[in-house]
Amino acid sequence: MFRFLIVCICVIGYLILSIPILIVEWIVGKFNKRAKDISSLRIIQTVFKFVLKVTGTKITIIGHENVPTNQAVLYIGNHRSFFDILLTYTLCPDLTGYIAKKEMEPIPLLSTWMRYLHCLFLDRQDIKAGMKTILTAIDKVKSGISICIFPEGTRNKGENELEMLPFHEGSFKIATKAGCPIIPIAISNSAEIFEAHFPKIKPCKVVVEYGAPIYPDQLEKEDKKHLGAYTQKVILEMLEKNHDLV
């Protein structure tokens, strides 16, 4: 419970103490939006790295060189833990917004930081609103901001991380419409940080692997038609390969 309490204190404490930082970032953004965006990114990455250090998690990173640094991408990952966001966001080389569930939008301060970081809130119950969010994500990618989404739609709470929930195909329109590559991310053993023994946080080993970029326009017709299933298969292969590393 000690680590859990420390993590809670870190997160809540930072959100409260960051109010002056939010104001400064807002002012900077009035004069130089790019500087404000990069500053917000690096601040949150530093906070996330500290929180992960508190958890005692040992992280093995594979294939990070596969992430292009000269263009925006669509990150696609499997989702087992709240810590998946921290694990992957600390590794983003440039501006990246995450697509989060609509229920997070009313949370004070947290949602403000998320907007600063170009995160979007997706209402999965409202098809029209959901499509609007996807269109906004497409525009962000076209403007040079990467997007990350966990297309299972929710955390996979099953016992076997190799049995993923189906990927929602609509998420992949971001890549096909924006003309960007897909970067598949396989996150192994992240549920062992917290969810597997809630409410305790325990040190464990986690593997985060980045697969080779997937260019939708270069795929076979059938794979392009079922891009979600194709990407999920790529991630599953990485999860199976890394199963013995954790």
Side-chain angles (χ1 to χ4, degrees), residues 6-55 57 59 61 64-65 67-77 82-123 129 132-150 171 174-175 177-181 183 185 208 210:
I6 294 298
V7 167
C8 288
I9 291 170
C10 287
V11 173
I12 297 172
Y14 173 76
L15 288 175
I16 295 172
L17 295 174
S18 71
I19 294 175
I21 300 175
L22 285 169
I23 296 171
V24 171
E25 291 288 272
W26 178 79
I27 294 171
V28 171
K30 289 295 182 180
F31 297 93
N32 189 327
K33 191 173 186 305
R34 171 71 181 177
K36 173 254 184 182
D37 285 347
I38 290 295
S39 175
S40 296
L41 170 69
R42 300 309 179 205
I43 288 170
I44 295 302
Q45 285 181 323
T46 300
V47 173
F48 282 0
K49 286 177 183 177
F50 178 75
V51 171
L52 286 171
K53 188 172 183 179
V54 170
T55 67
T57 304
I59 309 166
I61 303 164
H64 195 250
E65 66 277 4
V67 180
T69 56
N70 60 347
Q71 69 176 125
V73 303
L74 175 64
Y75 294 102
I76 293 290
F82 295 120
F83 285 91
D84 293 337
I85 293 96
L86 283 71
L87 289 163
T88 53
Y89 200 69
T90 56
L91 297 169
C92 294
D94 208 335
L95 302 180
T96 303
Y98 279 55
I99 293 185
K101 58 185 179 180
K102 184 75 173 178
E103 289 77 5
M104 297 184 72
E105 192 171 16
I107 302 175
L109 297 177
L110 176 61
S111 59
T112 304
W113 271 111
M114 291 176 72
R115 290 190 185 92
Y116 272 28
L117 299 168
H118 297 281
C119 293
L120 302 173
F121 300 96
L122 179 64
D123 187 345
K132 186 177 180 181
T133 301
I134 295 299
L135 291 174
T136 302
I138 292 168
D139 288 340
K140 284 191 176 290
V141 173
K142 287 181 177 179
S143 69
I145 300 167
S146 295
I147 291 292
C148 180
I149 189 167
F150 301 111
S171 308
I174 299 170
K177 297 298 184 182
C180 74
I183 302 297
I185 310 175
V208 180
Y210 292 79

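Starting from 1, each residue takes its place in the sequence as its number.
Lys140 pairs by the side chain to side chain donor-acceptor pair (under 3.5 Å) definition with His118, not counting sequence neighbours. For Ile12, the side-chain contact (heavy atoms from CB on, under 4.5 Å) partners two or more places apart in sequence, or in a different chain, are Ile16. Partners of Phe150 according to the ring pair (Phe, Tyr, Trp, His ring centres under 6.0 Å) rule, which considers only residues two or more places apart in sequence or in another chain, are His79. Take Leu17 and apply the side-chain contact (heavy atoms from CB on, under 4.5 Å) test, not counting sequence neighbours, and it matches no residue. The ring pair (Phe, Tyr, Trp, His ring centres under 6.0 Å) test applied to Tyr75 returns no partner, not counting sequence neighbours. Contacts of Val54 classified as side-chain contact (heavy atoms from CB on, under 4.5 Å), with partners at least two apart in sequence or in another chain: Ile6, Val7, Phe50. Partners of Thr55 according to the side chain to side chain donor-acceptor pair (under 3.5 Å) rule, which considers only residues two or more places apart in sequence or in another chain, are Thr57. When the side chain to side chain donor-acceptor pair (under 3.5 Å) test is applied to Thr133, no partner is found at least two apart in sequence or on another chain. With sequence neighbours excluded, the residues that form a salt bridge (charged side-chain N to carboxylate O under 4.0 Å, His left out) with Lys33 are Asp37.
Distance alone, capped at 3.5 Å, is enough to place a donor-acceptor pair between the Thr90 side chain and the Leu87 backbone.
A distance of 11.5 Å separates CD1 of Ile27 from CG of Leu22, quoted to the nearest 0.5 Å. If you take CD1 on Ile23 and OG on Ser18, they are separated by 10.0 Å, rounding to the nearest 0.5 Å. To the nearest 0.5 Å, atoms SG (Cys92) and CD1 (Ile44) are separated by 12.5 Å. Atom CD1 of residue Ile134 and atom NZ of residue Lys177 lie 12.5 Å apart, to the nearest 0.5 angstrom. Between atom OG1 of residue Thr112 and atom CG of residue Leu117 there is a gap of 11.0 Å, rounded to the nearest 0.5 Å. Distance CD1/Ile38 to CD/Gln45: 8.5 Å, rounded to 0.5 Å.
When all heavy atoms of Pro68 and Pro181 are compared, the pair lying nearest together is CG-CG, 4.5 Å. The heavy-atom pair separating Ala137 from Ile174 by the smallest distance is CB-CD1, 3.8 Å. Of all the heavy atoms in Ala72 and Cys180, the pair that sits closest is O-CB, 3.5 Å. Closest approach of Phe121 and Met114 over heavy atoms only: CE2-CE, 3.7 Å.
By the 4.5 Å heavy-atom criterion applied to side chains, Val11 and Leu110 are not counted as neighbours. Proximity of Ile85 to Cys148: side-chain heavy atoms (C-beta onward) are nowhere separated by under 4.5 Å. Residues Val141 and Leu74 fail the side-chain proximity criterion, which asks for heavy atoms closer than 4.5 Å. The shortest distance between side-chain heavy atoms of Val67 and Leu91 does not fall below 4.5 Å. By the 4.5 Å heavy-atom criterion applied to side chains, Leu41 and Tyr89 are counted as neighbours. Looking at Glu25 and Ile43, their side chains come closer than 4.5 Å, going by heavy atoms from C-beta outward.
Under the side-chain hydrogen bond (donor to acceptor under 3.5 Å, both in side chains) criterion, the residue pairs touching residues 91-105 are Arg34-Asp94, Thr88-Tyr98, Lys102-Glu105, Glu105-Arg115, with sequence neighbours excluded. Sorted by first and then second residue, the ring-ring contact (aromatic ring centres under 6.0 Å, His included) pairs involving residues 8-27 (not counting sequence neighbours) are Tyr14-Trp113.
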### Query
When you look at Phe31 and Lys36, which way does the side chain to side chain contact (heavy atoms under 4.5 Å, CB included) test go after all the steps?
CA-CA 9 Å; Phe31 297 93; Lys36 173 254 184 182; over 6 Å; no
